[in-house]
*Asks:* 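Quick one: the structure is below, questions incoming.
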Amino acid sequence: MKIVVIGGTGLIGSQVVKILNAHGHEAVPQSPSTGLDLLSGRGLPEALKDADVVVNLTNSPTFDDASPAFFQQTMDNLLTAAMAAGVGHAVILSIVGADQVPGLVYYRAKVLQEDILKTGPVPYSIVRATQFFEFIDATLSETSDENTIRLPATLVQPIASADVAQAVADVTVSTPLQGIRNVAGPDVFALDELGKITLAAHGDHRTVVTDKRAGTFAAASGDALIAKDGAVIAKTAYREWLAR
Ligand SMILES: NC(=O)c1ccc[n+]([C@@H]2O[C@H](COP(=O)([O-])OP(=O)(O)OC[C@H]3O[C@@H](n4cnc5c(N)ncnc54)[C@H](OP(=O)(O)O)[C@@H]3O)[C@@H](O)[C@H]2O)c1
């Protein structure tokens with residue numbers, strides 16, 4: 001199959017391209033650095049020529065109030081061009097529980113992205129993943145100073161980006177789901193505990209202070225970010241990944 005991976009130079013996209021090519025597909029990475037800008041549409045018709053599937057693994061440059069407009073414009077451009085090129089399957093990557101956290105504008109933007117795909121003209125699949133292991137350090141930095149890191153006890157179920165990429169690749173070469181596949185890591189942690197585990201593994205002697213109002217994930221409550229029944233549970237454990 002010819003598979004165009006937009007955002008194919010990113011954390012997930014680059015791994016998806018590798019997996020697909022290793023399985024004999026023709027996966028083509030696209031991004032602004034290869035001449036395709038999904039926001040303006042530049043390079044899109046040429047890239048989608050003869051494509052069987054398009055995978056959209058782009059991300060908004062910011063996670064703030066500008067993110068809904070990014071996902072609206074990029075999805076409008078994607079679906080218009082995919083329809084014109086006769087692409088038979090469009091895949092996006094969203095977030096487990098995105099619809100359960102209305103207080104975060106970026107999560108609302110991801111739900112908007114899903115809704116545009118669901119109501120659009122192209123057969124589709126949505127993969128929803130939990131927070132990537134690779135994203136945990138950035139989460140800790142958000143509310144840290146020299147001595148402490150403030151974190152809420154929000155429940156999270158993080159996953160290795162390699163496992164996310166595998167799940168996206170599996171869905172990409174299957175029949176369109178016309179729905180959502182959830183993927184999550186094997187363990188559930190309170191975020192403040194996850195912070196302590198991460199600092200210990202890094203030999204970082206700062207203290208974690210539990211603060212229910214601190215940082216992005218203060219906006220999520222209960223089990224909003226935890227995968228429910230039917231999710232694919234990935235194998236890689238966070239402690240094992242940290243020890244590599
Ligand atoms: N972080 C998490 O924990 C998490 C959890 C669940 C789902 N997700 C979702 O996973 C997706 C992929 O995330 P990621 O971490 O792999 O992203 P990333 O590493 O930031 O990569 C983003 C990719 O999008 C490309 N891109 C940016 N703007 C573009 C544009 N206007 N036109 C075309 N390509 C553009 C980038 O190209 P350049 O490299 O050339 O800039 C890069 O290839 C995101 O949609 C995110 O919402 C993330």
Side-chain angles (χ1 to χ4, degrees), residues 4-19 27-44 46-48 54-64 66-78 81 90-101 104-114 116-117 126-140 142 154 156-169 171 180-185 191 194 215-217 220 224-227 231-232 234 238 241:
V4 174
V5 182
I6 306 180
T9 57
L11 175 65
I12 303 296
S14 57
Q15 299 180 77
V16 169
V17 167
K18 263 191 208 147
I19 295 168
V28 186
Q30 293 285 358
S31 73
S33 57
T34 69
L36 188 148
D37 179 1
L38 198 52
L39 205 45
S40 67
R42 177 174 54 92
L44 197 48
E46 300 84 342
L48 293 186
V54 61
V55 186
N56 178 9
L57 297 170
T58 58
N59 209 354
S60 164
T62 61
F63 297 167
D64 59 12
S67 53
F70 175 87
F71 286 113
Q72 174 86 54
Q73 189 62 52
T74 51
M75 286 304 291
D76 287 349
N77 288 344
L78 180 75
V91 180
I92 65 165
L93 177 59
S94 187
I95 306 171
V96 167
D99 53 326
Q100 303 297 308
V101 194
L104 285 182
V105 65
Y106 180 74
Y107 280 37
R108 291 202 304 275
K110 294 298 291 185
V111 174
L112 172 67
Q113 184 190 31
E114 292 180 356
I116 295 168
L117 185 64
I126 297 168
V127 178
R128 278 184 167 189
T130 50
Q131 288 64 45
F132 308 158
F133 291 168
E134 288 81 353
F135 190 65
I136 303 297
D137 282 346
T139 301
L140 303 193
E142 213 193 321
T154 305
V156 292
Q157 193 173 355
I159 183 169
S161 68
D163 290 336
V164 176
Q166 186 61 58
V168 171
V171 165
I180 296 174
R181 178 167 301 169
N182 290 285
V183 297
L191 186 59
L194 190 70
T216 302
F217 293 102
L225 300 177
I226 304 306
V232 174
Y238 186 58
W241 179 84

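First listed ligand is number 1; within each ligand, the first listed atom is number 1.
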*Asks:* Is it true that T216 and E142 share a donor-acceptor pair across their side chains at a distance under 3.5 Å?
*Replies:*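 Indeed, the side chains of E142 and T216 share at least one donor-acceptor pair under 3.5 Å.
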*Asks:* Please work out whether any backbone atom (N, CA, C, O) or any side-chain heavy atom from C-beta onward of T130 is under 4.0 Å from ligand 1, and answer side chain, backbone, both or neither.
*Replies:*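 Backbone only.
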*Asks:* Determine the sole option in L225, V156, V96 for which the side chain to side chain contact (heavy atoms under 4.5 Å, CB included) test with T130 is passed.
*Replies:* V96
*Asks:* Checking a contact table here: which protein heavy atom is nearest atom 40 (O) of ligand 1, and how many Å away?
*Replies:* S31 OG, 3.3 Å
*Asks:* Geometry only, no angles: is Q131 polar-contacting ligand 1 at N/O separations under 3.5 Å?
*Replies:*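 No, Q131 has no N/O under 3.5 Å of an N/O on ligand 1.
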*Asks:* Short list, please: which atoms of ligand 1 are under 4.0 Å from a heavy atom of L57?
*Replies:* 12 (C), 22 (C), 23 (C), 24 (O)
*Asks:* Run the numbers for me: atoms of ligand 1, each under 4.0 Å from some heavy atom of L36, listed by number.
*Replies:* 32 (N), 33 (C)
*Asks:* For atom 41 (O) of ligand 1, grab the closest protein heavy atom and report residue, atom and distance to one decimal in Å.
*Replies:*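 Result: P32 CD, 4.6 Å.
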*Asks:* Could you tell me the residue and atom name of the protein heavy atom closest to atom 36 (C) of ligand 1, and the distance to it rounded to 0.1 Å?
*Replies:*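 Protein heavy atom at minimum distance: T9 OG1, 4.2 Å.
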*Asks:* In terms of residue, atom name and distance, what is the protein heavy atom nearest to atom 46 (C) of ligand 1?
*Replies:* Y106 OH, 3.3 Å
*Asks:* With atoms numbered from 1 as shown, which atoms in ligand 1 lie under 4.0 angstrom from a non-hydrogen atom of K110?
*Replies:* 44 (C), 45 (O), 46 (C), 47 (O)
*Asks:* Quick check for you: to the nearest 0.5 Å, what is the distance between L39 atom CG and L44 atom CG?
*Replies:*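 These two atoms lie 11.5 Å from each other.
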*Asks:* Looking at atom 31 (N) of ligand 1, what's its closest protein heavy atom, distance included?
*Replies:*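 Residue, atom and distance for the closest contact: D37 OD1, 2.9 Å.
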*Asks:* Identify, for atom 8 (N) of ligand 1, the protein heavy atom at the shortest distance, and state residue, atom and that distance.
*Replies:* F132 CZ, 3.5 Å
*Asks:* Just by distance, with hydrogens left out, do K110 and Q113 show a side-chain donor and acceptor under 3.5 Å apart?
*Replies:*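 Yes, Q113 and K110 have a side-chain donor paired with an acceptor closer than 3.5 Å.
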*Asks:* So Y107 and F217, would you call those rings parallel, tilted or perpendicular, with 30° and 60° as cut-offs?
*Replies:* perpendicular
*Asks:* Below 4.5 Å, heavy atoms only, C-beta onward: do Q131 and T139 meet side chain to side chain?
*Replies:* no
*Asks:* With respect to I126, which candidate in V91, L93, I92 satisfies the side chain to side chain contact (heavy atoms under 4.5 Å, CB included) definition?
*Replies:* I92
*Asks:* For ligand 1, is there an N or O atom under 3.5 Å from any N or O atom of I6?
*Replies:*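 For ligand 1, there is no N or O atom that lies under 3.5 Å from one belonging to I6.
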*Asks:* I'd like to check which ligand 1 atoms, numbered from 1 as shown, lie under 4.0 Å from a non-hydrogen atom of L39.
*Replies:* 31 (N)
*Asks:* Against heavy atoms of I95, which atoms of ligand 1 measure under 4.0 Å?
*Replies:* 6 (C), 7 (C)
*Asks:* Identify the protein heavy atom lying closest to atom 19 (O) of ligand 1, giving its residue, its atom name and the separation to 0.1 Å.
*Replies:* L11 N, 2.9 Å
*Asks:* Among all protein heavy atoms, pick the one closest to atom 7 (C) of ligand 1 and tell me residue, atom and distance.
*Replies:*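 Sorting protein heavy atoms by distance from atom 7 (C) of ligand 1 puts S94 O, 3.1 Å first.
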*Asks:* If I apply the N/O under 3.5 Å rule, does G10 come out as touching ligand 1?
*Replies:*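 Looking only at distances, the answer is yes, because the N/O contact criterion of under 3.5 Å is met.
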*Asks:* Do you know which of N59, L117, N56 makes side chain to side chain contact (heavy atoms under 4.5 Å, CB included) with F71?
*Replies:* N59
*Asks:* Between R128 and ligand 1, find which residue part has any heavy-atom pair under 4.0 Å and reply side chain, backbone, both or neither.
*Replies:*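 Neither; no heavy atom under 4.0 Å.
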*Asks:* Nearest 0.5 Å please: distance from the CG atom of L57 over to the CD1 atom of I12.
*Replies:*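 It is 7.5 Å, given to the nearest 0.5 Å.
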*Asks:* I want to confirm something. Looking only at heavy atoms, which of I12, L93, N59, L38 is nearest to atom 27 (C) of ligand 1?
*Replies:* N59
*Asks:* What closest approach, in Å, do F70 and P61 show between heavy atoms, and which atom pair accounts for it?
*Replies:* CD1-CD, 3.7 Å
*Asks:* Tell me, do L191 and L194 make a side-chain contact under 4.5 Å, heavy atoms counted?
*Replies:*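 They are in contact (side-chain heavy atoms under 4.5 Å apart), so the answer is yes.
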*Asks:* So V183 and D163, do their side chains get closer than 4.5 Å, heavy atoms only?
*Replies:* no
